[in-house]
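All remarks here apply to the structure that follows.
This structure is a prediction, so every number in the text was calculated from the model and none was measured.
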Amino acid sequence: MQKSRPTILILSGFDPGGGAGMLADSRTATSLGVRTIGCVTALTVQTASRFDSFEWVETGLLEKQWNALMEEYVPDAVKVGMIRSPKVLDRLLDLLAAYVPDVPVVWDPVMAPSAGGDFHPDALPGWLKTLGRVSVFTPNLPEMERLNPGRSAEEAAAAAAAESGCAILLKGGHDSLNPGLDRLFTPGKVLELPPGRADVYPKHGSGCVLSSAIAAFLALGNSLEPACRRAKDNTEQYLASSPGLVGFHG
């Protein structure tokens, strides 16, 4: 098995425009000094401003990608983005446990493309059960409300953290009252992460950048809170890098 620097295993869709998905995840982690390997979970037809269609990668082929990587690499963290279902993720986490147990897993529930459309009309049935196997879950406000109809995102995040034991980083990019205020929920506790700068622009795939940065910082040995803080700072630098829908690292 190859091991020269911290490695994260990425599970995400392929966005040919590069603003989100596998390309964005890999660029983010690489810019932070982390090796990336990955399994493509879906193929999309989109750009930063337009979404046309997508197809899921068949589960058998996804497992073949996974098993081939596990034979040669030892991931220090896993980043999950666009995934067909919690059932598929459970299967892959079973395979992971057979190779490298206790690896931190960051799950960004990519439910819809920013340019319109829907990857999960059924809103990820069984997501809360799978959450018990994940280290960090990074929904934005609309995603958390969609997963928990009839509850506020904050109430739902606190309850999910308490029930699953998973940390919930509730992203505040859609918060009209406190723009950019993220909240990190752990069982019985909430930590506010206010924005560090105001000169930021909306970006396609910003959630991919943040969750990949968290995984990278965890792989580099940071504990949860510093990893989230450093990832937020890194994401804000990315958001400020250009006024367009796709930013730049470094």
Side-chain angles (χ1 to χ4, degrees), residues 8-13 15 20-22 24-26 28-29 34 36-42 56-57 59 62 66 75-97 100-113 119-120 122-148 153 156-171 173 182-187 205-219 222 224 227-228 231-232 235:
I8 67 170
L9 170 59
I10 300 165
L11 293 169
S12 61
D15 170 4
M22 182 65 72
D25 293 335
S26 183
T28 299
V34 176
T36 60
I37 55 176
C39 300
V40 174
T41 60
W56 294 111
V57 170
T59 304
L62 181 56
W66 179 281
D76 297 282
V78 176
K79 187 268 168 152
V80 181
M82 188 178 176
I83 195 77
R84 187 167 193 165
S85 69
K87 182 178 180 181
V88 170
L89 180 53
D90 275 328
R91 170 60 181 159
L92 295 175
L93 293 178
D94 287 341
L95 296 175
L96 178 68
V100 278
D102 302 321
V103 171
V105 177
V106 180
W107 182 12
D108 181 27
V110 180
M111 299 182 69
F119 297 139
H120 293 289
D122 56 358
L124 294 173
W127 68 275
L128 186 57
K129 181 179 178 182
T130 301
L131 211 59
R133 310 183 66 184
V134 172
S135 308
V136 190
F137 190 56
T138 63
N140 58 36
L141 294 172
E143 287 167 339
M144 202 66 199
E145 290 169 352
R146 186 175 171 194
L147 290 169
N148 298 268
E163 182 171 343
S164 68
C166 174
I168 313 290
L169 182 65
L170 187 62
K171 298 176 291 192
D182 298 343
R183 296 174 175 88
L184 180 63
F185 292 84
T186 51
S206 57
C208 300
V209 172
L210 177 64
S211 53
S212 297
I214 294 172
F217 284 122
L218 290 173
N222 291 259
L224 175 63
C228 290
K232 183 175 180 66
T235 303

Within-4.5 Å side-chain heavy-atom neighbours: Leu169 and Val106: no

Exercise: identify the closest heavy-atom pair between Leu62 and Val40: CD1-O, 3.7 Å

Look up atom CG in Leu96 and atom CG in Leu89, then write down how far apart they are to the nearest 0.5 Å. 10.0 Å

Locate the shortest heavy-atom distance separating Ile168 from Ala160; write the atom from each residue and the value. CD1-CB, 4.3 Å

Leu9 side chain near Trp66 side chain, heavy-atom distance below 4.5 Å: yes

Whether the side chain of Ser211 engages the backbone of Cys208 through a donor-acceptor N/O pair (distance < 3.5 Å, no angle test) should be reported. yes

Just verifying a value: how many Å separate Leu11 CG and Cys39 SG, rounded to the nearest 0.5 Å? 5.5 Å

So which heavy atom on Pro187 is nearest to which on Ala161, and how close? CG-O, 3.4 Å

Once rounded to the nearest 0.5 Å, what's the spacing between atom NZ of Lys79 and atom OG1 of Thr28? 8.5 Å

Strictly distance-based, threshold 3.5 Å: is any side-chain N or O of Asn222 a donor or acceptor partner for the main-chain N or O of Ala227? no

Are any of the side-chain heavy atoms of Met111 and Leu147 separated by less than 4.5 Å? yes

Interatomic distance, Trp56 atom CH2 to Phe119 atom CZ [nearest 0.5 angstrom]: 7.0 Å

Is there a donor-acceptor pair closer than 3.5 Å between any side-chain N or O of His120 and the backbone N or O of Ile83? yes

Looking at Lys171 and Asn140, what are the two nearest heavy atoms and their distance? CE-N, 3.6 Å

Heavy-atom distance under 4.5 Å between the side chains of Val34 and Asp76, does that happen here? no

Nearest heavy-atom approach of Val103 to Pro75 is CG2-O, 3.7 Å

Quick check against the 3.5 Å criterion: does Thr41 have a side-chain atom that pairs as donor or acceptor with the backbone of Gly13? yes

Return the CZ to OG distance between Arg91 and Ser85, rounded to the nearest 0.5 Å. 13.0 Å

Heavy-atom side-chain proximity of Leu92 to Val78 below 4.5 angstrom: no

Any side-chain to backbone donor/acceptor pair from Ser12 onto Met22? Under 3.5 Å, distance only. yes

Should Glu143 and Thr138 count as side-chain neighbours, where that means a heavy-atom distance under 4.5 Å? no

Distance check, rounded to the nearest 0.5 Å: Asp182 atom CG versus Leu141 atom CG? 9.0 Å

Tell me the closest heavy-atom pair linking Thr130 and Trp107, and the distance in Å. CG2-CZ3, 4.0 Å

Checking Ser135 side chain against Val105 main chain: does a donor-acceptor pair fall under 3.5 Å? yes

Close side-chain approach of Trp127 and Asn148, heavy atoms under 4.5 Å: yes

Take atom CG of Asp102 as the centre, draw a 6.0 Å sphere, and report whether it contains more than 12 heavy atoms from other residues, nucleotides or ligands. no

